[in-house]
Amino acid sequence: MTALGFLYPGHSAEDDYPRIEQLLGGDVRVDLVHTDIGEDAHRVDALRGLGSPERLAAGLEELRLAGAEAVVWACTSGSFVLGWDGARDQVRRLALAAGMPASSTSFAFVHAIREIEVRRVAVGATYPDDVAQLFADFLRAGGAEVTGVRSSGIVTAAEVGTWGERELFALARAADSPDAEALLLPDTALHTVAHIPALEKELGKPVLTANQVTVREGLRLADRRVNAPELGALFTREPLVQV
């Protein structure tokens with residue numbers, strides 16, 4: 001059994017995680033602890049405090065007691081808003097406090113892009129434009145080419161958590177571009193896991209979503225690879241050989 005720990009801010013789309021656990025099969029456990037969200041606002045000042053060392057450390061003991069082998073800060077905006085060096089320092093501090101390998105959703109996107117071997121990506125963000133542009137800057141720092149950014153101007157994670165299939169697909173269609181090799185949907189407050197195969201089928205390319213890549217990052221830290229096609233191209237190992 002591989003036990004993965006996640007620190008998730010507030011309550012929005014956390015039900016994506018037990019769904020992912022189910023799709024991964026019986027030997028991966030996904031343990032999630034909610035962190036204090038403070039002010040629910042996609043503003044740079046509020047986001048900088050969202051992933052403070054004190055807030056993240058508060059949930060670590062529960063994950064340690066659960067036997068987590070790795071921990072991921074399951075928040076994109078609360079990491080990339082610090083910039084590449086700031087997000088790296090955030091992860092370093094988290095690993096030291098946790099006593100185990102650590103990462104964040106922002107780095108999970110960078111690693112996922114490399115995993116599926118693409119470079120040109122489009123971004124469909126629920127955030128206001130200034131925050132969405134900071135995510136694009138982070139991706140560029142990680143070596144990606146961002147072909148376009150579609151922002152939605154939503155200020156709170158709570159509102160994002162109310163989005164359903166209609167809003168999700170509308171954002172994906174609006175954000176995609178023919179020259180993008182993959183589409184990224186970066187908000188962990190957005191319910192996406194149930195729709196990834198349908199999104200990929202409609203767009204004809206890999207779709208990387210925040211909660212999906214976050215769990216994949218935990219598996220990477222634990223040195224596990226799992227074939228789970230219902231979680232999209234990121235979780236489809238090739239070649240699959242039938243004996």
Worksheet item: Can you check whether Phe80 and Phe109 have ring centres sitting under 6.0 Å from each other?
Response: no

Worksheet item: What are the two closest heavy atoms between Ala74 and Thr214, and how far apart are they?
Response: CB-CG2, 3.8 Å

Worksheet entry | Option from Thr188, Asp16, Ile196 for which side-chain contact (heavy atoms from CB on, under 4.5 Å) with Gln212 holds | Ile196

Discussion item. The criterion is ring pair (Phe, Tyr, Trp, His ring centres under 6.0 Å); which residues satisfy it with His42, sequence neighbours excluded?
Written reply: Tyr127

Practice prompt. Under the ring pair (Phe, Tyr, Trp, His ring centres under 6.0 Å) rule, collect the residues that match up with Phe6, sequence neighbours excluded.
Written response: Tyr17

Fill in: Smallest separation among heavy atoms of Gly124 and Pro186, with atom names
O-CD, 3.1 Å

Worksheet entry | Any donor-acceptor N or O pair under 3.5 Å, side chains Thr2, Arg224 | yes

Worksheet item: Applying side chain to side chain donor-acceptor pair (under 3.5 Å), which residue pairs with at least one partner in residues 141-150 are found, sequence neighbours left out?
Response: Thr147-Ser177

Worksheet entry | Test side chain to side chain contact (heavy atoms under 4.5 Å, CB included) applied to Ser12 - qualifying residues, sequence neighbours left out | Tyr8, Ala157, Ala189

Practice prompt. Verify, without hydrogens or angle tests, whether Glu117 (side chain) and Arg114 (backbone) share a donor-acceptor contact under 3.5 angstrom.
Written response: no

Worksheet entry | Chi angles and distances behind the side-chain hydrogen bond (donor to acceptor under 3.5 Å, both in side chains) call for Thr76, Thr105 | CA-CA 5 Å; Thr76 326; Thr105 304; 4.5 Å; no

Practice prompt. Could you pull out all residues at least two apart from His111 that satisfy ring pair (Phe, Tyr, Trp, His ring centres under 6.0 Å)?
Written response: none

Discussion item. For a quick test of reading the model, state the closest non-hydrogen atom pair linking Ala97 to Arg64 and the distance between them.
Written reply: O-NH1, 2.9 Å

Discussion item. Applying a strict under-4.5 Å side-chain criterion to I, L, V, M, F, W and Y, I'd like to know whether Val146 and Val118 cluster together.
Written reply: yes

Fill in: Cluster check Val155, Ile37: I/L/V/M/F/W/Y, side chain < 4.5 angstrom
no

Worksheet entry | Asp36 bridged to Arg55 by N-O distance under 4.0 Å | yes

Response to the item:
Tracing side-chain contacts under 4.5 Å among Ile, Leu, Val, Met, Phe, Trp and Tyr outward from Phe169 reaches Ile154, Val160, Trp163, Leu168, Leu171, Leu183, Leu185, Leu190, Leu199, Leu203, Val207

Worksheet item: Hey, any chance Trp84 and Val44 share a hydrophobic cluster, counting ILVMFWY side chains that come within less than 4.5 Å of each other, even indirectly?
Response: yes

Item to complete: Answer yes if the ring centres of Phe107 and Phe138 are under 6.0 angstrom apart, and no otherwise.
Response: yes

